[in-house]
Amino acid sequence: MAGEVRLKVLELYSHQDPTVKQAADAALREFQERDLAWSVAQELLLDTDASVQFFGAQTIYNKVQQVAKGYQKAEGEALAALVVVLQQHLGSPKLSQQSRQRLVLALSAIAVHLCTTLWPRAMPDVLTLAEAQPQCGWCVVLAIPEQLSSVVHTYMKTDRRTEAFLKGSTALVAAAMRLEPLGDEETVTGTLSDSAFSLALQSLTQWTKVLGMQPLQHDGFAGHMAALLKGPVGSSEPVLELLIEVLQSSPGAFAVYADGQQPQLAQKQVPASGLEGLLAAVIGAMGGLLPGIQQMAENPSAC
């Protein structure tokens, strides 16, 4: 069966006759609806042709999504077993990056689907994956909020799956803080082409925005952000996006100072010292930009 599907994939992507391509597309769509597609797609991941690999990965992702959204049925045990298979393939140097990206999304969807049942250690396992394969692991983490959004139809922040993931937020923040930037970190695509550092900060941003995580509640985070702001990546997109989201979601971040010294925090959910330190770093970073801005204003032709 895998050979027949492979032939159709090659016809779809390589054949010059539009009629043949259309027929191949119809046949492949019909194949993806069959239960047999689960096992055949895994065989296709071993193919040497990148387009065949990608079709196999896309098929797995589509099948998982259909199950997660309730459109198809699959045994939870089978999905749990698929986790091991996906992790093995993610470590294969023969798998194309496009195919690996699809498997990352499939693994994220399974984590969301099984995190309160057959895969309660989804978050620790994904962070372990991030240690061995940083880009893959952090891409899984980054995709979790979007996957949750696609299947949760009530208030996101009180959903039991959200609560299950947030139990691992301490380990998540700690793992992100251990990563060092490799360069200016300006490129942000949310894919495997980003650095692990960038993906980790993007993950914290999305978890804060969508799941309601409070990074400032975690020991050392405020100081870590302050250090990043003072360093070479202080003006990079992943750092600034995370900073903005953290401040927006932190009660008291924009409080009015009494007597020009101490902030009057409306709530005590975030340690005042951490918040003050982070705000001080923000002010310092802004101050560092002022000479350059003034120079540009005085001599715009030199810009």
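From a predicted model like this one, the values you see are computed outputs, not experimental measurements.
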Between [X] (side chain) and [Y] (backbone), is there a donor-acceptor pair under 3.5 Å?
X: S108; Y: V104; answer: no
X: Q101; Y: L192; answer: yes
X: R161; Y: L148; answer: no
X: K69; Y: V151; answer: no

Could you tell me the separation between the [atom1] atom of [X] and the [atom2] atom of [Y], rounded to the nearest 0.5 Å?
X: S92; Y: L46; atom1: OG; atom2: CG; result: 8.0 Å
X: L166; Y: L211; atom1: CG; atom2: CG; result: 5.0 Å
X: E237; Y: S198; atom1: CD; atom2: OG; result: 8.0 Å
X: L229; Y: H224; atom1: CG; atom2: NE2; result: 10.0 Å
X: W207; Y: T162; atom1: CH2; atom2: OG1; result: 9.0 Å
X: I60; Y: F55; atom1: CD1; atom2: CZ; result: 10.5 Å

Testing the 3.5 Å rule here: is there a donor-acceptor pair between the side chains of S249 and E245?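 Result is no, nothing qualifies.
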* Judged by modelled atom types alone, do S96 and S99 share a side-chain donor-acceptor pair under 3.5 Å? ->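 Yes, because at least one side-chain N or O of S96 sits under 3.5 Å from a partner of the opposite role on S99.
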Please answer: with hydrophobic residues joined when any side-chain heavy atoms are less than 4.5 Å apart, are [X] and [Y] in the same cluster?
X: L103; Y: Y61; value: no
X: L28; Y: L36; value: yes
X: V40; Y: V52; value: yes
X: L243; Y: L142; value: yes
X: L199; Y: L105; value: no

Got more than 12 heavy atoms from elsewhere within 6.0 Å of [atom1], [X]?
X: E30; atom1: CD; result: yes
X: K94; atom1: NZ; result: no
X: E163; atom1: CD; result: yes

Would you say that [X] contacts [Y] through its side chain, given a criterion of any heavy-atom pair below 4.5 Å between the two side chains?
X: E43; Y: V5; value: no
X: V173; Y: M213; value: yes
X: Q53; Y: H89; value: no
X: E146; Y: Q206; value: no
X: D194; Y: W138; value: no
X: L228; Y: L242; value: no
X: Q135; Y: Q97; value: no
X: D49; Y: Y13; value: no

Requested in this report: Have a look at N62 and tell me which of Q66, Q65, Q58 forms a side chain to side chain donor-acceptor pair (under 3.5 Å) with it.
Outcome: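 Only match with N62 under side chain to side chain donor-acceptor pair (under 3.5 Å): Q58.
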Does a salt bridge link K8 with E11, judged by any charged N lying under 4.0 Å from a carboxylate O?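 Yes, K8 and E11 are salt-bridged.
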Tell me whether D25 is salt-bridged to R29, with the criterion being a basic N under 4.0 Å from an acidic carboxylate O.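 A salt bridge links D25 with R29.
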Quick one: closest heavy-atom pair of W38 and A74, and the distance?
->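 Residues W38 and A74, closest heavy atoms: CZ2-CB, 4.1 Å.
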### Message
Is there a side chain to side chain contact (heavy atoms under 4.5 Å, CB included) between D125 and V83? Walk through the geometry before answering.
### Response
CA-CA 10 Å; D125 289 349; V83 168; over 6 Å; no
| said: Test side chain to side chain contact (heavy atoms under 4.5 Å, CB included) on V85 and Q42; report intermediate values, then the result. | reply: CA-CA 8 Å; V85 175; Q42 294 176 44; 3.5 Å; yes
Practice task
Would you check, one step at a time, whether the test side chain to side chain contact (heavy atoms under 4.5 Å, CB included) holds for E241 with V188?
Solution key: CA-CA 11 Å; E241 287 288 339; V188 175; over 6 Å; no
